[in-house]
Amino acid sequence: MTPASAHSPGPPAAHRNYGLLTAAAVVTGLGGNGALIAAAFAVLDAGGDGGDVGLVAASRTLPLVVFLLIGGAVADRLPRHRVMVAANALNCLSQAAFAALVLAGQPQLWQMMMLTALGGTGQAFFSPAAEGMLMSSVQGEHAGRAFAVFRMAMQGAGLGGAALGGAMVAVLGPGWVLAADAAAFAVAGALRAFLDVGHIPPREAGGGMLADLREGWREFAGRPWLWGIVVQFSIANAVVGAADAVYGPLVARDDLGGAGPWGLALACFGAGTVAGALLMTRWKPRRLLLAGTLCVFPLALPSAALAVPVPVSALCAVMFLSGALVEVFGVSWMTALHQEIPEDKLSRISAYDWFGSVALVPLATALAGPAEEAFGRTASLWGCSALVVLVTAAVLTVPDVRNLRRRTKEVAVSSGSADAERPVGGLG
């Protein structure tokens with residue numbers, strides 16, 4: 001029995017939705033993480049080089065950034081489960097076409113880029129709808145534990161999917177792994193079709209898409225803790241992404257013994273996120289964002305470890321620790337959003353969150369090579385580490401980040417829904 005169904009006082013439909021959402025996330029986690037590996041090898045097997053792999057990866061990120069805010073507005077206007085199923089259908093079809101091209105032999109680069117872009121477009125509409133749906137599917141003081149269980153299942157599936165996908169690419173080839181991902185989207189979409197939105201209050205008629213976007217912006221910009229942390233992670237995700245995608249493999253090649261040790265280090269980070277989610281099923285920090293933000297500081301350690309560089313065993317330990325602690329932030333962040341954001345605006349706020357998380361990653365990845373040439377690899381890695389520390393320390397200067405408190409059951413009942421619209425500082 002899930003934490004939501006075991007402890008939360010909400011309607012049965014919400015409990016059922018939580019189970020369906022968790023099962024579907026596991027299915028797509030198993031398929032999607034293997035497909036990321038398969039797509040890269042599909043490009044290389046077709047005669048492409050590292051630059052072509054980067055172009056295909058960028059083809060997914062660009063439409064994701066472009067359509068995220070629109071996707072959030074659509075998900076708050078239409079039934080979220082229908083948006084999710086439609087997005088899953090688009091992902092299923094695009095991956096099935098990608099798989100067919102690869103299995104047929106010699107896919108063209110532009111074809112792979114186009115199909116990957118369709119997948120990114122689907123993700124742009126899916127992610128805000130999915131996060132809003134999840135948050136509306138848990139209630140009460142045990143929401144944090146429900147989010148932790150969900151994230152533990154999702155992270156575990158991602159870890160297993162990457163390992164399984166790598167093995168399948170080696171044995172069967174990338175085409176069959178892409179086909180398996182298409183099948184996973186089909187299964188997940190079928191599960192999500194059974195989601196029940198009857199317990200969610202009807203949306204009031206709005207003034208159109210632009211009005212919805214403006215309303216979402218006012219909700220976002222009016223909460224310093226919200227936009228402060230999104231800006232923080234825009235920078236932190238960008239530099240950590242550059243370190244992982246560019247510098248990590250280079251350090252592994254030159255100093256650690258090749259791709260194997262780097263793959264092991266990444267697996268340790270994934271295992272750490274599972275451990276962190278497990279910890280959060282038991283720990284309920286009173287000051288949600290303060291505890292979560294303090295746990296972001298260790299995210300600077302992997303770049304520092306690569307800058308030294310430390311032995312493989314020490315790097316794996318650092319990766320595990322940083323993965324576990326950043327997951328403490330992840331669960332705390334979801335709990336804060338669930339607690340503070342009105343239900344009818346959840347998807348739009350989630351879209352801003354996602355937008356901030358991915359917007360600067362392509363730029364940072366593109367600049368990683370020139371930065372290495374200008375400053376050297378070691379200095380660039382220390383710069384990545386320093387930026388994580390600086391932006392995390394800066395966001396702690398926001399009073400609402402330090403003072404936002406987890407609501408108890410009694411506070412939530414006595415304050416009523418109107419409290420969701422009050423400034424965070426008024427909750428302390």
Within the structure provided, determine whether Val251 and Leu381 are in side-chain contact (heavy-atom separation under 4.5 Å). yes
Distance (rounded to the nearest 0.5 Å) between Leu115 CG and Met113 CE: 11.5 Å
Asn17 side chain to Asp196 main-chain N or O, any donor-acceptor pair under 3.5 Å? yes
Student check: side-chain heavy atoms of Arg192 and Thr28 closer than 4.5 Å: yes
Atom SG in Cys295, atom CZ in Phe297: separation rounded to 0.5 Å? 10.5 Å
Might you work through the side chain to side chain contact (heavy atoms under 4.5 Å, CB included) test for Asp76 and Glu215, ending with a clear yes or no? CA-CA 11 Å; Asp76 275 339; Glu215 186 180 25; over 6 Å; no
Heavy-atom closest contact (Leu325 atom, Pro298 atom, distance): CD1-CG, 3.3 Å
Please walk me through it: do Phe233 and Phe329 pass ring pair (Phe, Tyr, Trp, His ring centres under 6.0 Å)? CA-CA 11 Å; Phe233 269 87; Phe329 169 83; 4.6 Å; yes
Surrounding CH2 of Trp333 (heavy atoms of other residues, nucleotides or ligands, distance under 6.0 Å), is the total greater than 12? yes
Rounded to the nearest 0.5 angstrom, the CG-CG distance for Leu301 and Leu299 is 8.5 Å
Minimum heavy-atom distance between Tyr247 and Ala371, given as atom pair plus value: OH-CB, 3.8 Å
With the side chain counted from C-beta on, respond yes when Val328 and Trp283 share a heavy-atom pair under 4.5 Å apart, and no when they do not. yes
Test item: Val391 and Val395 side chains (from C-beta on) under 4.5 Å apart, heavy atoms: no
For Leu289 against Val401, the heavy-atom pair lying closest together: CB-O, 3.4 Å
Within the 4.5 Å heavy-atom criterion, are Leu337 and Asp353 side-chain neighbours or not? yes
Student check: side-chain heavy atoms of Leu226 and Glu340 closer than 4.5 Å: no
Checking Ser322 side chain against Met319 main chain: does a donor-acceptor pair fall under 3.5 Å? yes
Classify the side-chain pair Thr392/Gln232 by whether it contains a donor and acceptor separated by less than 3.5 Å. yes
Value rounded to 0.5 Å, distance of OG1 in Thr273 from CG in Leu278: 11.5 Å
Just say parallel, tilted or perpendicular for the rings of Phe147 and His338, cut-offs at 30° and 60°. perpendicular
Does some side-chain heavy atom of Ile341 sit less than 4.5 Å from a side-chain heavy atom of Met135? no
Taking NZ, NE, NH1 and NH2 as the nitrogens, is one of them in Arg348 or Glu219 under 4.0 Å from a carboxylate oxygen of the other? no
Give the C-alpha distance, both sets of side-chain angles, the deciding distance and a yes or no for side chain to side chain contact (heavy atoms under 4.5 Å, CB included) between Leu290 and Leu396. CA-CA 7 Å; Leu290 177 61; Leu396 285 175; 3.9 Å; yes
Take Thr22 and Val149, measure what side chain to side chain contact (heavy atoms under 4.5 Å, CB included) needs, and give me the verdict at the end. CA-CA 9 Å; Thr22 303; Val149 171; 5.6 Å; no
What pair of heavy atoms forms the shortest contact from Ala193 to His81, and how long is it? O-CD2, 4.3 Å
With distance as the sole test, does Ser350 use its side chain to make a donor-acceptor pair with the main-chain N or O of Leu346 at under 3.5 Å? no
Ignoring hydrogens and geometry, is there a side-chain-to-backbone donor-acceptor pair from Arg151 to Gly276 under 3.5 Å? no
Pairwise distance CH2(Trp225) to CZ(Arg402) - rounded to 0.5 angstrom: 15.5 Å
Heavy-atom side-chain contact between Ser137 and Leu21 under 4.5 Å: yes
So which of Val331, Leu134, Val26 actually passes side chain to side chain contact (heavy atoms under 4.5 Å, CB included) with Phe150? Leu134
More than 12 foreign heavy atoms under 6.0 Å from CZ of Arg287: is that the case here? yes
Is a side-chain N or O of Gln339 found less than 3.5 angstrom from the main chain of Arg405, in a donor-acceptor match? yes
For Thr335 versus Gly144, what's the shortest heavy-atom pair and its separation? OG1-CA, 3.4 Å
Spatial distance of atom CG (Asn237) from atom CG (Leu360) [nearest 0.5 Å]: 9.5 Å
Looking only at heavy atoms, the pair that brings Pro128 and Ala75 closest together is C-CB, 4.4 Å
Is the Phe355 to Phe220 ring centre distance short of 6.0 Å? no
Could you go step by step and tell me if Gln123 and Val358 meet the side chain to side chain contact (heavy atoms under 4.5 Å, CB included) rule? CA-CA 12 Å; Gln123 188 69 25; Val358 302; over 6 Å; no
Under a 3.5 Å distance rule, please check whether Thr397 uses its side chain to pair with a backbone N or O of Ala394 as donor and acceptor. yes
